[in-house]
Each structure stands twice: as structure tokens, then as C-alpha cells.
Amino acid sequence: MKDCLFCKIVQKEIPTEVLLENDFFIAFNDINPKAPIHVLVIPKKHFQDISDIDGDVIAKFPEFVKTLSDKLGVTDNGYRIITNKGKDAGQIIFHLHFHLLAGKNLGDLI
Ligand code: AMP
């Protein structure tokens, strides 16, 4: 989608170090990490948020995350996945993304 920052990352118009990529998703480091490991996973197709995604794409998500967590070396110790939808959640980028947080004890907020 025109003027979408994350679409520009998908299109490689904004250079970003890609950690993992397949036909459906791309993963890269968050620019403002909130944990020792803070990776964003985004669908290549533009969806505004979690309420907008189609089932065929989300069905591919678990396998991608499993491969990613293995690659990051966090599968055993664990990780947290968060997605923000809308202003009360603090969503600032309106291209669906999942935050994968890991690398320390993440506490008991959720
Ligand atoms: P939110 O929409 O609140 O779920 O979070 C958007 C996230 O995108 C924030 O954690 C930002 O630090 C991150 N972010 C914004 N621009 C970039 C960028 N160019 N590369 C990587 N992460 C980004």
C-alpha cells in the first residue's frame, strides 16, 4: 500500500536486515527494542491489523514463528508474541505486525 512504511520494507525500498523471509512473512529487528531480542514479523500482504487478516495467511504464521524462534535460539527458553490493534493498544504502524520478544524473563504483565 502506498505510503506504508512496512510495505516499503517488504518491497525492499527501505533497506532492512531481513532475519527470515518466505512467501508470506518477513522478519526484521524492531528499531526501538524493548527486550534483548525484539523482532517484528509482518505479512508481506498489507493488512491494517489483526482484525483485517485473512485465514489463509494467518494459517502460515505458526510454522514461520517456529522456524524464526529456532533461528534466534529462543525456542527452549521461550518468547512472547504481541500484536497491537488500534489506539488503545498503542498501534502506531497500520500494517499488521507481531512483536516477538525474548532474551530475558519478560515478567508477568500478561
Ligand atoms: P506498534 O504499531 O505500536 O505495535 O509498534 C510499531 C513498532 O514498529 C515499534 O516497536 C517501532 O519501534 C517499530 N518500527 C517503526 N519503524 C521501524 C523501522 N523502520 N524498522 C523497524 N522497526 C520499526
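In each ligand, atom 1 is the first atom listed, and ligand 1 is the first ligand listed.
Numbered from 1 in the order shown, with element, the atoms of ligand 1 that lie under 4.0 Å from a heavy atom of H99 read 1 (P), 4 (O), 5 (O), 7 (C), 10 (O). Close approach to N32 involves these atoms of ligand 1, each under 4.0 Å from a residue heavy atom: 12 (O). Counting the atoms of ligand 1 from 1 in the order shown, those under 4.0 Å from a heavy atom of N29 are 21 (C). Of all the atoms in ligand 1, the ones that sit under 4.0 Å from a non-hydrogen atom of Q91 are 2 (O), 3 (O). Residue-ligand proximity, F6 to ligand 1, at heavy-atom distances under 4.0 Å covers atoms 8 (O). Close contacts between ligand 1 and N84 involve ligand atoms 1 (P), 3 (O), 4 (O) [criterion: under 4.0 Å to a heavy atom].
For atom 2 (O) of ligand 1, the closest non-hydrogen atom on the protein side is I92 N, 2.7 Å. Scanning the protein for heavy atoms near atom 16 (N) of ligand 1, the closest one is L5 CD2, 3.4 Å. Residue, atom and distance of the protein heavy atom nearest to atom 3 (O) of ligand 1 are G90 O, 2.8 Å. Closest to atom 14 (N) of ligand 1, if we only count protein heavy atoms, is I31 CG2, 3.7 Å. Looking from atom 6 (C) of ligand 1 to the surrounding protein, the closest heavy atom is H97 NE2, 3.4 Å. The nearest heavy-atom contact from the protein to atom 13 (C) of ligand 1 is D30 OD2, 3.4 Å.
In this structure, E21 places its CD atom where more than 12 heavy-atom neighbours from other residues, nucleotides or ligands lie under 6.0 Å away.
Of the possible polar contacts, one joining the T83 side chain to the H97 backbone as a donor-acceptor pair under 3.5 Å is found. Judged by distance alone, the side chain of R80 and the main-chain N or O of L100 form no donor-acceptor pair under 3.5 Å. In this structure a side-chain-to-backbone donor-acceptor pair under 3.5 Å is present from H95 to P43. A donor-acceptor pair under 3.5 Å links the side-chain atoms of Q91 to the main chain of G86, judged by distance alone. Side-chain atoms of K71 come within 3.5 Å of backbone atoms of L19 as a donor-acceptor pair (strictly under, hydrogens ignored). Distance alone, capped at 3.5 Å, is enough to place a donor-acceptor pair between the T16 side chain and the I14 backbone.
Partner of F61 under the ring-ring contact (aromatic ring centres under 6.0 Å, His included) criterion, out of F47, F98, F24: F98 alone.
Contact between I53 and V57 at its shortest, heavy atoms only, is CD1-CG1, 3.9 Å.
Ligand 1 has no N or O atom lying under 3.5 Å from any N or O atom of F28, backbone or side chain.
The shortest heavy-atom distance from F94 to ligand 1 is not under 4.0 Å. For K34, the heavy-atom gap to ligand 1 stays at 4.0 angstrom or more.
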Problem set entry | Residues K45, D54; criterion salt bridge (charged side-chain N to carboxylate O under 4.0 Å, His left out); working and verdict | CA-CA 10 Å; K45 188 172 166 190; D54 69 49; 3.4 Å; yes
Problem set entry | salt bridge (charged side-chain N to carboxylate O under 4.0 Å, His left out) evaluation trace for D70 with K66 | CA-CA 6 Å; D70 285 348; K66 173 74 169 73; 2.9 Å; yes
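Proximity of L40 to ligand 1, defined as any heavy-atom pair under 4.0 Å, is confined to the side chain (atoms from C-beta onward). At a heavy-atom distance under 4.0 Å, no atom of I14 approaches ligand 1.
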